[in-house]
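Here is the structure we will look at, set down as structure tokens.
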Amino acid sequence: MIKRFFRNVLRFLGNRLLFHVVNLLCKTVKIKQNIPRPTRDLFKSGNKFVVAFWHGTMLIPWFLFRDSGMSAIISQSKDGELLARVLEKWKYKVERGSSSSGGKEVLETLIENASGDYSVAITPDGPRGPVHEMKPGAAIAAKKAGVPLILLGSAYEKYYQFKSWDKFRMPKFFTKAYVVASEPIFIPKELSYDETSVKIKECETELNVLQKKAEVFN
């Protein structure tokens with residue numbers, strides 16, 4: 001009972017302090033960005049979009065879009081609960097679900113948000129992988145909502161790597177982060193199922209190229 005009590009105390013303190021630690025960490029990271037002009041113009045325009053980045057290096061991309069009133073889809077796992085608390089502090093409209101849990105409802109929420117008042121941020125290989133393989137949600141939401149898809153590669157100069165399915169990387173304090181974005185990608189609504197599947201595979205390939213570019217960006 002005593003051990004359980006102290007575990008609960010530590011969990012409570014961790015939950016309370018998590019946002020402050022993560023927010024402070026991100027503020028110490030020097031972020032270098034390679035953003036094409038059409039994408040910069042889109043971000044400044046106020047028009048809606050879907051942005052996708054890999055789960056393993058998601059922290060700085062989430063931080064970049066903080067306080068911009070975006071929507072985020074986060075899994076219903078315990079780890080997802082911790083991330084959701086951080087994102088809510090960063091003014092995201094957090095929706096809970098995943099491709100493996102309520103997938104149809106999650107996709108409908110993505111489309112509804114992207115068609116309305118929110119741009120959408122998503123990790124297309126989450127919540128359980130396979131790593132760096134794109135599930136269709138981000139591309140389908142962009143297609144059906146009629147908004148552009150932006151792909152974002154990100155990497156850190158110095159980081160801690162976890163023993164998780166995505167080999168999650170946590171940047172170290174005061175390190176550098178590198179972010180490389182695609183130009184806006186438009187997926188026509190009239191594309192067939194097979195044509196859309198090909199487009200999703202092309203997006204997966206491009207996002208992996210951007211990820212590699214971020215890892216050598218300096």
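- Ser154 has its side chain out of reach of Leu64: every pair of non-hydrogen atoms, C-beta onward, lies at least 4.5 Å apart.
- Between Glu204 and Lys201 there is a salt bridge, since at least one side-chain N of the basic residue sits less than 4.0 Å from a carboxylate O of the acidic one.
- Scanning both residues, Ile74 and Gly80, for their nearest heavy atoms gives CG2-O, 3.2 Å.
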- request: Before giving the answer on side chain to side chain contact (heavy atoms under 4.5 Å, CB included), spell out for Asn208 and Trp54 the whole-Å C-alpha distance, their side-chain angles and the decisive distance to 0.1 Å.
  value: CA-CA 9 Å; Asn208 280 319; Trp54 293 135; 3.2 Å; yes
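- Cluster annotation: Met170 is connected to Ile31 through the hydrophobic network of ILVMFWY side chains, with a link wherever side-chain heavy atoms come within less than 4.5 Å.
- A donor-acceptor contact closer than 3.5 angstrom is absent between the side chains of Ser192 and Asp194.
- Contact between Ala181 and Pro36 at its shortest, heavy atoms only, is O-CD, 3.3 Å.
- To the nearest 0.5 Å, atom CD1 of residue Ile140 and atom CG of residue Leu107 are 7.0 Å apart.
- A donor-acceptor contact shorter than 3.5 Å links the side chain of Ser182 to the backbone of Leu151.
- In this structure the side chain of Asn47 never reaches within 4.5 angstrom of the side chain of Val147, judged on heavy atoms.
- Taking each heavy atom of Leu152 and Leu210 in turn, the nearest pair found is N-CD1, 4.5 Å.
- The two residues Lys135 and Gly126 come nearest to each other via the heavy atoms NZ-O, 3.3 Å.
- To the nearest 0.5 angstrom, Glu108 atom CD is 10.0 Å from Lys144 atom NZ.
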- prompt: side chain to side chain contact (heavy atoms under 4.5 Å, CB included) between Thr57 and Gln211: does it pass, once the steps are laid out?
  reply: CA-CA 9 Å; Thr57 51; Gln211 183 64 30; 3.8 Å; yes
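- A single hydrophobic cluster is not seen to contain both Phe186 and Phe49; linkage of ILVMFWY side chains at heavy-atom distances under 4.5 Å, directly or through other members, places them apart.
- Note that CG of Leu83 and CZ of Phe19 are 12.0 Å apart. Values are rounded to the nearest 0.5 Å.
- Thr196 places a side-chain heavy atom less than 4.5 Å from the side chain of Lys143.
- Side chains of His20 and Leu24 form no contact here, defined as non-hydrogen atoms less than 4.5 Å apart.
- For the atom pair Trp90 CH2 and Phe65 CZ, the distance stands at 12.5 Å (nearest 0.5 Å).
- Here the side chain of Lys48 pairs a donor or acceptor atom with the backbone of Asp117 at under 3.5 angstrom.
- With rounding to the nearest 0.5 angstrom, the OH atom of Tyr156 is 9.5 Å from the CZ atom of Arg169.
- Taking all atoms of both residues into account, the shortest heavy-atom contact from Tyr92 to Ala72 is CD2-CB, 3.8 Å.
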task: Evaluate the side chain to side chain contact (heavy atoms under 4.5 Å, CB included) criterion for residues Met134 and Leu207: first the C-alpha distance (whole Å), next the side-chain angles of each, then the deciding distance (0.1 Å), finally the verdict.
output: CA-CA 9 Å; Met134 181 175 278; Leu207 183 48; 3.9 Å; yes
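- Taking 4.5 Å as the limit, some side-chain heavy atom of Trp165 sits within range of a side-chain heavy atom of Asp125.
- No donor-acceptor pair under 3.5 Å is formed between the side chain of Asn34 and the backbone N or O of Val180.
- Within the 4.5 Å cutoff, the side chain of Ser119 has no heavy atoms near those of the Val51 side chain.
- Under a 3.5 Å cut-off, the side chain of Tyr159 and the backbone N or O of Thr175 do not form any donor-acceptor pair.
- By the criterion of side-chain heavy atoms lying less than 4.5 angstrom apart, applied directly or through intervening Ile, Leu, Val, Met, Phe, Trp or Tyr residues, Val50 is grouped together with Leu191 in one hydrophobic cluster.
- Between Glu195 and Lys199 there is no salt bridge, since no side-chain nitrogen of the basic residue lies less than 4.0 Å from a carboxylate oxygen of the acidic one.
- One hydrophobic cluster holds both Leu25 and Phe162 under the rule that ILVMFWY side chains link at heavy-atom gaps under 4.5 Å.
- Separation of atoms NZ (Lys93) and CE (Met70) is listed at 12.5 Å; rounding is to 0.5 Å.
- Looking at heavy atoms from C-beta onward, Phe53 lies out of side-chain contact with Pro124 at the 4.5 angstrom threshold.
- For the pair Arg66 and Phe63, the distance from NZ or CZ to the six-membered ring centre is under 6.0 Å and the angle to the ring normal is within 45 degrees.
- Of all non-hydrogen atoms in Leu149 and Ala52, the two that sit nearest each other are CD1-CB, 4.3 Å.
- Under a 4.0 Å N-O distance rule, the pair Glu157/Lys172 does not qualify as a salt bridge.
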- prompt: Going through the checks in order, is the side chain to side chain contact (heavy atoms under 4.5 Å, CB included) test met by Thr123 and Asp166?
  reply: CA-CA 11 Å; Thr123 53; Asp166 60 349; over 6 Å; no
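- For the pair Lys167 and Val131, the minimum side-chain heavy-atom distance is 4.5 Å or more.
- In terms of hydrophobic clustering, with Ile, Leu, Val, Met, Phe, Trp and Tyr side chains grouped at heavy-atom distances under 4.5 Å, Val94 and Tyr118 are assigned to different clusters.
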